[in-house]
Novice: 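Can you keep this structure in mind? I'll have questions shortly.
Below, chain A is the first sequence line, B the second, and so on; all start at residue 1.
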Amino acid sequence: MDTKLYENWSEEEKEKRISNNFIRQIIIDDLKTNKWGGRVHTRFPPEPNGYLHIGHAKSICLNFGLALEFGGLCNLRFDDTNPTKEDEEYVKAIIEDVRWLGFDWEDRLYFASDYFEQLYDYAVQLIKKGKAYVCDLSQDEIRETRGTLTEPGIESPYRNRSVEENLDLFERMRKGEFPDGARTLRAKIDMASPNLNMRDPVIYRIKHASHHRTGNKWCIYPMYDFTHCLSDSIERITHSICTLEFEDHRPLYDWFLDELGVYHPQQIEFARLNLSYTVLSKRKLLELVKNGIVDGWDDPRMPTIHGLRRRGYTPEAIREFAEIIGVSKKESLVDIAVLEHCIRDDLNKRAQRAFCVLNPLKVVIDNYPDDLVEEIDALNNPEDLSMGTRKVPFSKVIYIERDDFMENPPPKYYRLAPGKEVRLRYAYYITCTDVVKDPNTGEIVELHCTYDPTTRGGQSADGRKVLGTIHWVSAKHCFEAELRLYDRLFLKENPNEVEEGKSWLDYVNPNSLVITKGLCEPFLRNAKPEEKFQFERLGYFCVDSKLSKPNVPIFNRTITLKDSWSKILKNLQNS
RNA sequence: AGGGAUGUAGCCAAGCGGUAAGGCAUCGGCCUUUGGAGCCGACAUUCGCAGGUUCGAAUCCUGCCAUCCCUGCCA
């Protein structure tokens, strides 16, 4: 596992990179008071009913990160108590994602369903203690008697059945004598509690459904509240970290453990992640998939781990993101620019550079020998010289970016223009001498330039300066590849805030995917799935792992480079 | 007879009775063979509001306001 990120940090680095948060502080305090005998044991407990997204990544990094930092353990546990919603497919995908993020649960992969027998025994104990009863009320009746936010509920007529009768009925529930929904097992707590969760919550329901792990062994399944605290207890979890909406469940969590007199972890709640310009609810993500708005759970526009991975995000960037956004109890909307900053920062240091021209404009270098081909040395990564250099073929006819030429340039434009000189990155200085247009449309179809042979490599002997440096590819040597330009999925900062008469789907960005082509330098032909590059001056791109074929890479744009020129242009136009 | 939580800059977020960290974004400048990266600087006289305690309050107390969560046999 890549534990380097946390374990090999110096104290100084830790100080700088690990920001404090209230959960970390609780652990530090507990360690001081020896509350758990010096142990830190967390768990990540997903329900296998969908794909993990960046919000889960926050939780994963929190739970595993805390264990790593304090020399503790973190379990991966599937909360699989509802067979009708869950599937093995999700189990596999989740395992893959957590591992890809760089975390390791060693031999501690657990399933709540592994505890069904033990959980059943606990329920029997509760019945024997007079703290649980079999209720014959229907689902509607239970709802009707629950009361409201301001009124107490009404006690079930079955609430005071004898222990013997309850034991018998519960056993017969397990044996399958009753149809779905006929009876439930309920905790006997307080129908007048201001906390609705405490109004005799259902803890077992009858579901004649096949479970992805236990098959048809069970026809009664325990509910979340009953299962979760006891699973934590069984696994000797110290800090059970969950999201804010479970705050109201904590009294129940504590109640079960106290009534049963078993090992009692501490539940701690934090605010779930919200990210601007996207949605993070399973329901909405599923809707995007079902409506064909995206191409599947792993569509590169999706905020799922699968999607981010395919888009070109790295585990390092996601972990860094999780670290810097912090953990608190305040409901917030994190600017997606933070995530984008993390991937730029990581890829800038690590991604191999390459030349690719998106909107080509042909340039003929009139004074360059017709058949000469030179091998130009180019840095693979100016940020990391150890990545070496590569040869890029150069010849008389090249393509440059259409944006890198303007016939009537505004002030401060220091790319190519008639009579102006620019540097072709790593190659030569060229000066534009002629512009060829289509006689009918007036569109610029070709440029003629001259080059200065003494500037090879991109430096002039006389020390004259050129401000502009542009990228290029040799017409004879480049190849065309499919490029998929991705942008934010939504146009609205918070798509969950829906205006009157609209739907959140109305805010989907119709241009979140633009499929186009680009002219690539030769070595890119052999790029492998998931390989990441910086196409100089354009952005970071990643070879699509699903659509690419050997020697026919398809590149996904992960994120553009920052573009301060467009800002200058905008200001120019405004003034 | 409602309950539970949360309010520190545009967005996150430290802070724990001694005089407002850090990051993102933004805006300047320097530097640059990526208008990238990097570097330097600016960016809360004030912490939801109003009172109170204190030599001293974002931190303690009281009241108010705003927002979020809770009436699944989902998790």
Novice: Can you see if the side chain of A/T148 gets near the phosphate of B/rG2 - specifically, an N or O under 4.0 Å from OP1 or OP2?
Specialist: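 Checking B/rG2 against A/T148, no side-chain N or O comes under 4.0 Å of OP1 or OP2.
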Novice: Could you please name the partner base of B/rU53, counting Watson-Crick and G-U wobble pairs only when both distances are under 3.5 Å?
Specialist: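 Checking every strand shown, B/rU53 finds no partner, since no pair has both distances under 3.5 Å.
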Novice: Measuring from the side chain of A/E47 (C-beta onward, heavy atoms only), which nucleotide among B/rC74, B/rA37, B/rG2 has the closest atom?
Specialist: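 That would be B/rC74.
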Novice: Counting Watson-Crick and G-U wobble pairs only, both distances under 3.5 Å, name the nucleotide matched with B/rU71, or none.
Specialist: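 Its partner: none found.
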Novice: Taking the minimum atom-to-atom distance to the side chain of A/R537, which one of B/rU34, B/rG15, B/rC73 wins?
Specialist: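 The answer is B/rU34.
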Novice: Between A/D346 and A/K532, is the closest basic N to carboxylate O distance under 4.0 Å?
Specialist: no
Novice: A/N197 has an atom CG; how far is it from atom P of B/rC73, in whole Å?
Specialist: 10 Å
Novice: Is the distance from OP1 or OP2 of B/rA14 to the nearest side-chain N or O of A/R24 less than 4.0 Å?
Specialist: no
Novice: Report the distance from atom NZ of A/K567 to atom P of B/rG36, rounded to the nearest whole Å.
Specialist: 9 Å
Novice: Can you check whether any acceptor in the base of B/rG72 is under 3.5 Å from a donor in the side chain of A/R143, or vice versa?
Specialist: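 Checked by distance alone, the answer is no.
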Novice: Parallel, tilted or perpendicular: which describes the rings of A/F394 and A/Y428, with under 30° parallel and over 60° perpendicular?
Specialist: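 The arrangement is tilted - the two ring planes meet at 30° to 60°.
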Novice: Mind calculating the distance between CG (A/N381) and C1' (B/rG36) to the nearest angstrom?
Specialist: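 Rounded to whole Å, this separation is 11 Å.
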Novice: Need one value for A/I568: base, sugar-phosphate or nothing, where a base atom within 4.0 Å counts as base even if backbone is also close, heavy atoms only.
Specialist: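 Since a base atom lies under 4.0 Å of A/I568, the category is base.
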Novice: Is a donor-acceptor contact shorter than 3.5 angstrom present between the side chain of A/E331 and the base of B/rU67?
Specialist: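 Check fails, no donor-acceptor contact within cut-off.
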Novice: One thing to verify: whether A/R213 and A/E88 come together as a salt bridge, which I'm taking to mean a side-chain N less than 4.0 angstrom from a carboxylate O.
Specialist: no
Novice: OP1, OP2 of B/rA75 versus side-chain N and O of A/R272: anything below 4.0 Å?
Specialist: no
Novice: With both distances under 3.5 angstrom, what nucleotide forms a Watson-Crick or G-U wobble pair with B/rA42?
Specialist: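 Partner of B/rA42: B/rU26.
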Novice: Roughly, in whole Å, what's the span from CG in A/D200 to C1' in B/rC70?
Specialist: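 In whole Å, B/rC70 C1' lies 17 Å from A/D200 CG.
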Novice: How far, in whole Å, is B/rA58 from B/rG7 if one measures between their C1' atoms?
Specialist: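 Pairwise C1' distance, B/rG7 against B/rA58, rounds to 12 Å.
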Novice: Which nucleotide in the set B/rG35, B/rG15, B/rC12 lies at the smallest distance from any side-chain heavy atom of A/I325?
Specialist: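 Nearest to the side chain of A/I325 among the choices is B/rC12.
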Novice: For a quick test of reading the model: is some side-chain N or O of A/H471 closer than 4.0 Å to OP1 or OP2 of B/rU34?
Specialist: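 So the side chain of A/H471 is outside the cut-off, no N or O lying under 4.0 Å from OP1 or OP2 of B/rU34.
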Novice: What is the distance, to the nearest angstrom, from the CZ atom on A/R199 to the C1' atom on B/rG4?
Specialist: 14 Å
Novice: Between B/rC68 and A/K329, is there an OP1 or OP2 to side-chain N/O distance shorter than 4.0 Å?
Specialist: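 So the side chain of A/K329 is outside the cut-off, no N or O lying under 4.0 Å from OP1 or OP2 of B/rC68.
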Novice: Indicate yes or no for a side-chain donor-acceptor contact from A/H212 to the backbone of A/D80 under 3.5 Å, with no hydrogens or angles considered.
Specialist: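 Checking the backbone N and O of A/D80 against the side chain of A/H212, no donor-acceptor pair under 3.5 Å is found.
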Novice: P atom, B/rC60 versus B/rG36: distance in rounded Å?
Specialist: 45 Å
Novice: Is A/R344 close enough to B/rC24 that one of its side-chain N or O atoms is under 4.0 Å from OP1 or OP2 there?
Specialist: no
Novice: In the structure shown, which nucleotide is the Watson-Crick or G-U wobble counterpart of B/rA1, with both distances under 3.5 Å?
Specialist: none
Novice: Check this one for me: any side-chain N or O of A/S328 less than 4.0 Å away from OP1 or OP2 of B/rA13?
Specialist: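 Yes, A/S328 has a side-chain N/O under 4.0 Å of OP1/OP2 on B/rA13.
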Novice: For a quick test of reading the model: is some side-chain N or O of A/K207 closer than 4.0 Å to OP1 or OP2 of B/rC74?
Specialist: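 So the side-chain polar atoms of A/K207 do come within 4.0 Å of the phosphate oxygens OP1 or OP2 of B/rC74, strictly under.
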Novice: Roughly how far apart, to the nearest Å, are B/rC43 and B/rC27 at atom C1'?
Specialist: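 Their C1' atoms lie roughly 8 Å apart.
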Novice: Indicate whether OP1 or OP2 belonging to B/rA25 is found under 4.0 Å from a side-chain N or O atom of A/K562.
Specialist: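 Yes, such a contact exists.
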Novice: Does a nitrogen or oxygen in the side chain of A/S332 sit under 4.0 Å from OP1 or OP2 of B/rC11?
Specialist: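 No, no such contact exists.
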Novice: Considering only atom P, compute the distance from B/rA9 to B/rU71 and round it to an integer number of Å.
Specialist: 31 Å
Novice: If the cut-off is 4.0 Å, is A/R250 near the phosphate of B/rC69, judged by side-chain N/O to OP1 or OP2?
Specialist: no
Novice: Quick check: any donor-acceptor pair below 3.5 Å linking the side-chain of A/D248 to the base of B/rG3?
Specialist: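 Such a pair exists between side chain and base.
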Novice: Nearest-Å distance, CG (A/L561) to C1' (B/rA37)?
Specialist: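 It works out to 9 Å between those atoms.
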Novice: Which comes earlier along RNA chain B counting from the 5' end, the contact point of A/Q25 or that of A/R183, where each point is its nearest nucleotide?
Specialist: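 Nearest-nucleotide comparison on RNA chain B picks A/Q25.
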Novice: Contact between A/V422 and A/Y414 at the side-chain level, heavy atoms closer than 4.5 Å - yes or no?
Specialist: no
Novice: Counting heavy atoms from C-beta on, name the nucleotide in B/rU34, B/rC24, B/rC70 closest to the side chain of A/L149.
Specialist: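 So the side chain of A/L149 is nearest to B/rC70.
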Novice: With distance as the sole test, does A/R199 use its side chain to make a donor-acceptor pair with the main-chain N or O of A/R146 at under 3.5 Å?
Specialist: yes
Novice: OP1 or OP2 of B/rG15 sitting under 4.0 Å from any side-chain N/O of A/N20?
Specialist: yes
Novice: When both hydrogen-bonding distances must be under 3.5 Å and the geometry is Watson-Crick or G-U wobble, what is B/rA66 paired with, if anything?
Specialist: B/rU6
Novice: Figure out the OH/C1' separation between A/Y224 and B/rG72, and round it to whole Å.
Specialist: 14 Å
Novice: When you measure from the side chain of A/E245, which nucleotide among B/rG36, B/rC69, B/rA14 comes out closest?
Specialist: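 The closest nucleotide is B/rC69.
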Novice: Quantified in whole Å, what is the C1' atom distance between nucleotide B/rA57 and nucleotide B/rG52?
Specialist: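 The same atom, C1', in both gives a distance of 11 Å.
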Novice: Taking the side chain of A/K330 as its heavy atoms from C-beta onward, which of B/rA75, B/rU6, B/rC74 lies nearest to it?
Specialist: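 Nearest listed nucleotide: B/rU6.
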Novice: Assess the side chains of A/N496 and A/K284: does a donor N or O sit below 3.5 Å from an acceptor N or O?
Specialist: yes
Novice: With the side chain counted from C-beta on, respond yes when A/Y253 and A/N197 share a heavy-atom pair under 4.5 Å apart, and no when they do not.
Specialist: no
